[in-house]
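Below is one structure, written out as structure tokens, with a few remarks after it.
A note on names: the letters A, B, ... follow the listed sequences, proteins ahead of strands, and every chain is numbered from 1.
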Number of protein chains: 2
Amino acid sequence: MRAMSPPVGLPVLAESDLVRQVARRLTDAIVHGRLAPGAKVAEAAVARELGISRAPVREAARLLESQGLLKASPRRGFFVRELSAQEVDELYDLRLCVERHAAVEAARRLTPAARDGLRRQLDLMRDLARRDDPAAIVEADYQFHRLICEAAGNGRLLRLFDGLASELRIVIGLIGRLYDDPGEIARTHEPVLEAIEAGHPERIVAHVDHHLGVARREVVRLVQSLAPNP
Amino acid sequence: MRAMSPPVGLPVLAESDLVRQVARRLTDAIVHGRLAPGAKVAEAAVARELGISRAPVREAARLLESQGLLKASPRRGFFVRELSAQEVDELYDLRLCVERHAAVEAARRLTPAARDGLRRQLDLMRDLARRDDPAAIVEADYQFHRLICEAAGNGRLLRLFDGLASELRIVIGLIGRLYDDPGEIARTHEPVLEAIEAGHPERIVAHVDHHLGVARREVVRLVQSLAPNP
DNA sequence: CAAGCTGAAAGTGTCGACAATCGACGCCTA
DNA sequence: TAGGCGTCGATTGTCGACACTTTCAGCTTG
């Protein structure tokens, strides 16, 4: 039942729940850019590399397809999703929609613990900005937004945010350095948190809009510069 | 540049993709109540019934799991998702968030064609209300909201709406008769469309809020009355 | 009579195999 | 030399098989 052939290289996966593990590994490879957009994900190759059979790989691929990380082309296989500038724009449109709501809700039911978590995350970002570690900053940025969604107290909203964010990571992981001035991130996040703490819905929406608007323009522009062909 | 042979080769050959077909059948069975919430979906049984092997069934089940229609329990199989009143509430929260945005965007870029489509859909609902066909009314209701999301011109938003709606269908299909007064549906939709045509964001949001708020309370109440036991 | 144990049946997780299909390469034809 | 056609290898879609788990009915026991 276990793979008998001695596969070289990668550690053989533990049994059961292979699907989730494969999905995690593939996701990781995609958001970290080891699998570039458009790259083919051959089931046989993945299976060989992990020392398992193709069945779990196929199921994991379906999972990632439904999350928008892979694209299935019948009879041809799975490919890492390619995001056009317009699709990135659409994604940010939804993020705006979702995060406005999340921030307002988070303000309505802000617990001291959630507030502290957000403050700590902001401090962390300021710290990372000083050290100039682009990857860590992007991660911390993501976590800050995620904490807001978490504080909104709607589990499904959080899942939705994760889905949008993971799709965006396809391109963001590629970009590497998202902002020219790392310190800018902390500065644009701060008013968002302040507005949440103050609890003024209009100010919250305004600041979220501004912050995401800046990020959106940046990412869209970078995506366009990456793929300038029609 | 090469000249592609047939400029319009519309009929893509029937994808021999069993997975999609199985997914469609299972989805159908769930939203039409033939598979009740909590029911076990045994792959072997489904495969036997359809005369195919288990592999495509498993993949289809994963697909539906990611859509929230099924729930996977490791080593035990797949079960039709059970929605608590709170989860339904959360779903409506997201619908509110998404449909507000969709309606405002739809108003911003309303084409005559989209406007006509919405008007026709409203007429259809009025018609169905007179005939008192609950299932058809629910379907027409769904289509009206979907048209608004379509008019918003964001493909991903539409997919998101479809996801939320299909989850809600688990319970709505169960309820059967959603409103006591069928004519009420048309009446609560009308101001939404009018606000969209008028193009006043605040009025749009207000009417969407009101309409969905009514529906939400109704569905949540019915779900609670259906499953008040632990 | 209820509770716990036992064993078999059913079902899942995974595997290797096989036919159908796709893409690429090279050959033939103008 | 450019373009179309057939063949070959590689990959996908699907299948049946097997070991391990879970479930459940029937039996034993307190």
Side-chain angles (χ1 to χ4, degrees), chain A residues 1-8 10-26 29 35 38-66 69-82, chain B residues 1-7 9 11-26 29 35-36 38-66 69-82:
Chain A
M1 106 195 153
R2 204 169 307 241
M4 286 323 228
S5 52
V8 282
L10 289 175
V12 174
L13 297 176
E15 198 179 330
S16 179
D17 222 15
L18 281 186
V19 175
R20 314 270 173 195
Q21 295 189 50
V22 174
R24 250 208 301 277
R25 292 201 178 214
L26 285 178
L35 277 172
K40 180 170 174 58
V41 179
E43 341 176 328
V46 174
R48 264 196 308 274
E49 188 167 339
L50 297 176
I52 61 179
S53 80
R54 281 171 46 219
V57 177
R58 278 180 70 85
E59 294 184 29
R62 292 258 177 234
L63 214 64
L64 297 201
E65 183 201 2
S66 73
L69 291 183
L70 293 182
K71 184 172 179 315
S73 182
R75 299 273 174 205
R76 294 188 50 240
F78 292 91
F79 299 83
V80 177
R81 183 75 180 288
E82 293 182 278
Chain B
M1 289 301 140
R2 107 184 63 213
M4 280 317 194
S5 27
V12 171
L13 259 280
E15 300 179 7
S16 72
D17 209 355
L18 284 186
V19 176
R20 312 273 175 195
Q21 294 187 43
V22 175
R24 276 254 301 278
R25 288 198 184 218
L26 285 178
L35 278 173
K40 180 171 174 58
V41 178
E43 353 176 317
V46 174
R48 267 197 305 273
E49 189 168 334
L50 297 177
I52 61 178
S53 80
R54 281 170 46 217
V57 176
R58 278 180 70 87
E59 293 184 29
R62 292 258 176 233
L63 213 65
L64 297 201
E65 183 200 3
S66 74
L69 291 183
L70 293 183
K71 185 172 178 314
S73 182
R75 298 274 179 202
R76 296 188 50 241
F78 292 91
F79 299 83
V80 178
R81 184 74 181 289
E82 293 182 279

_Charged N-O contact under 4.0 Å between B/R20 and A/E65_ = yes

*asked:* Whole angstroms only, please: what is the CD-P distance between B/E59 and D/dT14?
replied: 8 Å

*Take atom CZ of B/R20 and atom P of D/dG13, then tell me their distance rounded to the nearest Å.*
10 Å

*Find the distance between CZ (A/R62) and CD (B/E59) and round it off to the nearest 0.5 Å.*
4.5 Å

So which protein nitrogen or oxygen atoms get under 3.5 Å of nucleotides 5-8 of chain C's nitrogens or oxygens?
none

*About how many Å separate CZ of B/R75 and CG of A/D17, when rounded to the nearest 0.5 Å?*
9.0 Å

*Min side-chain heavy-atom separation B/I52-B/V22 under 4.5 Å*: yes

*Nearest-Å distance for atom pair CD/P, residues A/E65 and D/dT12*: 14 Å

*Provide, to the nearest angstrom, the distance between the CD atom belonging to A/E49 and the P atom belonging to D/dT11.*
14 Å

*At their closest point, which heavy atom of A/S66 faces which heavy atom of B/S66, and how far apart are they?*
OG-OG, 3.0 Å

*From B/L69 CG over to B/L64 CG, what is the distance, rounded to the nearest 0.5 angstrom?*
5.5 Å

*For A/D17 and D/dT21, what is the distance between atoms CG and C1' respectively, to the nearest whole Å?*
15 Å

Protein and nucleotides 10-12 of chain C: nitrogen or oxygen contacts under 3.5 angstrom:
residue : atom : partner : partner atom : Å
C/dT12  : OP1  : B/E43   : N            : 3.4

*Check A/G38 against A/F79 and note the closest heavy-atom contact, atom names and distance.*
O-CD2, 3.6 Å

*Can you see which heavy atom on A/A23 is nearest to which on A/A60, and at what distance?*
N-CB, 3.7 Å

